Amino acid sequence: MTGRLENKVILISGAGGGLGNEQARLMAKEGAKIVAANLQEDPIIAPNQPSDSLWKRTLTLVDDINHNGGEAIAVPLDVTKEEDWISAVAESENKFGRLDVLSNNAGIYYHIGLLEHTVEKFHQIVDINQLGVLLGMKSVIPSMQRVGGGSIINFASIYGISGAGFSTAYQSTKGAVRLMTKSAAMEFVADNIRINAICPGMFDTNLFESSVPKEDWDSMISLVPMKRFGKPHEIAYGVIFLASDESSFMTGADLVIDGGYTCP
Ligand SMILES: NC(=O)c1ccc[n+]([C@@H]2O[C@H](COP(=O)([O-])OP(=O)(O)OC[C@H]3O[C@@H](n4cnc5c(N)ncnc54)[C@H](O)[C@@H]3O)[C@@H](O)[C@H]2O)c1
């Protein structure tokens, strides 16, 4: 039996994090070759960051995939640095001969009031969540053009769809990602490159745990009709769908996976 992503080469940014890790594991099971990219130094974002580094988690992830019959490599990548993207794409092509899919997944979140925002924090989140997504698309598209097509999945959010409070800067980046996706999708449709956005609801990963105070969790979950956090595999299967040829008639779209959060 062949997998849903047989022989596709997939670069995942932020692969050491909660959603990136699960995508890599499930995509490898579907036959993909994985380029797991992450920062080597964790940025200081929030007081409750995990003690083991997300780069270390990326290396463990790659070992696990390779020991379980899959193929994966780890590459250092700061998504705000164009030169890092250029070497990540070159490493993908050197190791696997091509690049078919980018999961533009790396991102950070701040749960702070508007009056607490600083110019420095605003630039940091825009650089990672928005410029990082643009540089990712810019860097992989020539490689995809060389092999006759590809699929890019940009990470937006339900916070790019409706307002939530305490996340103005984050919301500005995720709203921007949705429109950048539509613009790029139109530009490269003739190259057979499909570009879609995924909009996760609330998922209990490092990003959420390190930024949102525990006392706020219940009130946030009460806004989800399904009354629970999503599980990382529930995003990973959405990304697999967008990465695979099953979604061949989709481009410029938002795939919302949120337990009903955006229904009301
Ligand atoms: N968890 C949620 O509730 C949720 C909701 C909506 C959207 N999202 C989006 O999903 C994506 C993945 O988030 P997650 O929940 O897995 O978070 P996470 O914190 O577990 O993982 C994020 C990863 O991005 C990496 N990263 C941060 N800055 C980077 C940089 N400059 N260069 C390269 N890598 C960098 C981190 O090291 C980490 O491995 C993000 O774009 C996030 O905004 C998450």
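Note that these values count all heavy atoms, side chains included, but never hydrogens, waters or copies made by symmetry. Predicted, not measured: the structure shown is a model, and the values here were computed from it. Order of listing sets the numbers, starting from 1, for every ligand and every atom in it.
The Ser157 neighbourhood of ligand 1 comprises atoms 6 (C), 7 (C), with distances under 4.0 Å to a heavy atom of that residue. Within the listing of ligand 1, atoms 1 (N), 14 (P), 15 (O), 17 (O), 20 (O) sit less than 4.0 angstrom from a heavy atom of Thr205. Distances below 4.0 Å separate heavy atoms of Gly107 from the following atoms of ligand 1: 22 (C), 24 (O), 40 (C), 41 (O). Residue Met202 approaches ligand 1 through these ligand atoms, each under 4.0 Å from one of its heavy atoms: 3 (O). Every atom of ligand 1 with a heavy atom of Asp78 under 4.0 Å away is listed here by number and element: 30 (C), 31 (N), 32 (N). Residue-ligand proximity, Gly16 to ligand 1, at heavy-atom distances under 4.0 Å covers atoms 39 (O). Contact atoms of ligand 1 toward Ala156: 7 (C) (distance under 4.0 Å to a heavy atom of the residue).
The N/O atoms of Gly17, backbone and side chain alike, include one that comes under 3.5 Å of an N/O atom in ligand 1. On a distance-only criterion, Phe155 and ligand 1 share no N/O pair closer than 3.5 Å. Close N/O approach between Asn206 and ligand 1 is found [any backbone or side-chain N/O within under 3.5 Å]. Geometrically, ligand 1 and Leu207 share a nitrogen or oxygen pair separated by less than 3.5 Å. Checked against a 3.5 angstrom limit, the closest N/O atoms of Thr80 and ligand 1 fall outside it. Residue Phe203 places at least one N or O, backbone or side chain, under 3.5 Å from an N or O of ligand 1. Taking distance alone, with nitrogen or oxygen atoms compared against 3.5 Å, Gly18 approaches ligand 1 more closely than that limit.
Ile198 contributes atom CD1, which lies 4.0 Å from atom CD1 of Ile257 (distance to the nearest 0.5 angstrom).
Residue Phe208 forms a ring-ring contact (aromatic ring centres under 6.0 Å, His included) with just one option from Phe203, Phe229, Tyr159, and that option is Phe229.
For the residues Tyr159, Tyr170, Tyr261, the heavy atom positioned nearest atom 7 (C) of ligand 1 is part of Tyr170. Of all the listed residues (Val79, Asn105, Asp127, Ile12), Asn105 holds the heavy atom that lies closest to atom 40 (C) of ligand 1.
Leu26 places a side-chain heavy atom less than 4.5 Å from the side chain of Ile240. Looking at heavy atoms from C-beta onward, Asp258 lies out of side-chain contact with Val224 at the 4.5 angstrom threshold.
A salt bridge links Lys138 to Glu82: one of the charged nitrogens lies within less than 4.0 Å of a carboxylate oxygen. One finds no salt bridge joining Arg98 and Glu93 here, because no Lys/Arg side-chain nitrogen approaches an Asp/Glu carboxylate oxygen to under 4.0 Å. Using a cut-off of 4.0 Å between Lys/Arg side-chain N and Asp/Glu carboxylate O, Glu234 and Arg228 are scored as salt-bridged. Ion pairing between a basic and an acidic side chain is recognised when a charged N comes within 4.0 Å of a carboxylate O; Lys8 and Asp245 show such pairing.
Remark: Lys81 NZ is loosely packed, at most 12 non-hydrogen atoms of other residues, nucleotides or ligands lying under 6.0 Å away.
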Does the pair Ile10 and Leu5 meet the rule for a side chain to side chain contact (heavy atoms under 4.5 Å, CB included), with working shown? CA-CA 9 Å; Ile10 303 189; Leu5 300 172; 3.9 Å; yes

Dump the intermediate steps for side chain to side chain contact (heavy atoms under 4.5 Å, CB included) on Asn66 and Asp64, then the final yes or no. CA-CA 6 Å; Asn66 287 326; Asp64 289 350; over 6 Å; no

Between Tyr109 and Tyr170, is the ring-ring contact (aromatic ring centres under 6.0 Å, His included) condition met? List the steps. CA-CA 6 Å; Tyr109 175 68; Tyr170 179 82; 4.6 Å; yes

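Contacts with ligand 1 closer than 4.0 Å are made by side-chain heavy atoms of Lys174 only, the backbone lying farther away. Residue-level proximity to ligand 1 for Leu77 is carried by the backbone, the only part with a heavy atom below 4.0 angstrom. By the criterion of a heavy-atom distance under 4.0 Å, the side chain of Leu54, and not its backbone, is placed next to ligand 1.
Within the 4.0 Å heavy-atom cutoff, Pro232 does not count among the residues contacting ligand 1.
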